[in-house]
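The residues of the chain are indexed from 1 along the displayed sequence.
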Amino acid sequence: TGLQPAGLSRGVLVLAAAVGGLGLLMWLAANWGEMSHLLRFGLLQCLVLVMAVGAWLRPRWRAPLGLLAFVATGGLFAFFGMTYQTGADPWQLFALWAVLTLPLAVAVRSDVLWAPWLLVAMVGISLWTHTQAGYQWWPHPGRAWPYAVQCLLAGLLVAAVNAGPVARVAGVGLWGQRTAMVLWCSTLC
């Protein structure tokens, strides 16, 4: 009953962006063998660029197109990591994805982008902890420091998105704040 047509159309746009972006990445993966490296990189880079420019030019579609740009950026990093075995740990790719898309999340100013951005940042923190703890998830005597750092970093991220001035400037809303809190609680558990 409380659903307004404008809210419904925005929800459909966001859902279409998420499904469309993942569909494009799956299409690329399905046609992996038929394309050259240059074509794959070009398609992913064009997708990121077109979606980012579209989000900039079309305020009404900013959140869905920003989400598409965010997902495509992750696909670009995944493709780069698979094509060129750089030796980077997975946490480094997630950290780079979070750092490089932070300006996008601030510019879009929507929980549509903040919720997945927070998920990527928290996964990066968690994977860093896993690497520092010797690839074991349970704390061992003498190896408790990575878990303490993980809780501290995740807590700082939660505090940043829940701080009034930061949340207002960055556009973090209730769903972004809730996402951060749920992810932090799962980190603590």
Side-chain angles (χ1 to χ4, degrees), residues 7 10-26 44 47-48 51-52 54-56 59 61-81 88-133 137 145-189:
R10 180 184 167 120
V12 170
L13 279 173
V14 169
L15 183 62
V19 172
L22 292 173
L24 285 171
L25 292 177
M26 297 304 152
L44 284 169
L47 183 62
V48 171
M51 294 306 122
W56 177 50
W61 295 0
R62 187 163 288 148
L65 292 177
L67 179 62
L68 261 170
F70 179 78
V71 169
T73 303
L76 184 62
F77 286 137
F79 174 65
F80 186 84
D89 286 325
W91 74 265
Q92 293 170 323
L93 294 175
F94 277 89
L96 187 63
W97 185 9
V99 167
L100 291 179
T101 56
L102 181 59
L104 178 66
V106 172
V108 169
R109 299 183 47 81
S110 173
D111 282 341
V112 168
L113 196 54
W114 276 113
W117 185 90
L118 286 161
L119 178 64
V120 166
M122 291 286 196
V123 166
I125 292 170
S126 181
L127 289 172
W128 174 86
T129 303
H130 185 63
T131 302
Q132 298 303 316
W137 287 110
W145 70 269
Y147 302 98
V149 171
Q150 177 185 17
C151 290
L152 177 67
L153 289 174
L156 288 172
L157 196 54
V158 169
V161 298
N162 282 295
V166 173
R168 275 191 306 277
V169 168
V172 182
L174 188 59
W175 283 104
Q177 294 168 347
R178 287 178 179 173
T179 301
M181 191 61 94
V182 166
L183 292 170
W184 186 46
C185 288
S186 68
T187 297
L188 293 175
C189 292

Side-chain touch T73/L100, heavy atoms, less than 4.5 angstrom: no

Could you check if a side-chain atom of M181 sits within less than 4.5 angstrom of a side-chain atom of L118, using non-hydrogen atoms only? no

Just verifying a value: how many Å separate [X] [atom1] and [Y] [atom2], rounded to the nearest 0.5 Å?
{"X": "W56", "Y": "R62", "atom1": "CH2", "atom2": "CZ", "value": "10.0 Å"}
{"X": "M122", "Y": "L157", "atom1": "CE", "atom2": "CG", "value": "4.5 Å"}
{"X": "L47", "Y": "L76", "atom1": "CG", "atom2": "CG", "value": "9.5 Å"}
{"X": "F79", "Y": "F77", "atom1": "CZ", "atom2": "CZ", "value": "13.5 Å"}
{"X": "L119", "Y": "F94", "atom1": "CG", "atom2": "CZ", "value": "8.0 Å"}
{"X": "W184", "Y": "Q150", "atom1": "CH2", "atom2": "CD", "value": "12.0 Å"}

I'd like to know if the side chain of W61 reaches the main chain of A55, judged simply by a donor and an acceptor atom lying under 3.5 Å from each other, with no hydrogens or angles considered. no

Side-chain donor or acceptor of D89 paired with backbone N/O of W128 under 3.5 Å: no

Shortest non-hydrogen contact from A180 to V158? O-CG2, 3.3 Å

When every non-hydrogen atom of V161 is compared with those of Q177, the smallest separation belongs to O-NE2, 3.3 Å

Check residues 63-72 and write down every donor-acceptor pair under 3.5 Å in which the side-chain atom is one partner and the other belongs to a residue at least two apart or another chain.
none

For residues 101-110, run the donor-acceptor check on the side chains, cut-off 3.5 Å, and write out each pair with its distance to 0.1 Å, sequence neighbours left out.
unit_1: T101; atom_1: OG1; unit_2: W97; atom_2: O; d: 2.6
unit_1: R109; atom_1: NH1; unit_2: R168; atom_2: O; d: 2.9
unit_1: R109; atom_1: NH1; unit_2: V169; atom_2: O; d: 2.3
unit_1: R109; atom_1: NH2; unit_2: R168; atom_2: O; d: 2.9
unit_1: S110; atom_1: OG; unit_2: R10; atom_2: NH2; d: 2.9
unit_1: S110; atom_1: OG; unit_2: V112; atom_2: N; d: 3.1

Quick check: are there more than 12 heavy atoms from other residues, nucleotides or ligands sitting under 6.0 Å from CH2 of W145? yes

Run S126 and T187 through side-chain contact (heavy atoms from CB on, under 4.5 Å) and show every step you take. CA-CA 8 Å; S126 181; T187 297; 5.9 Å; no

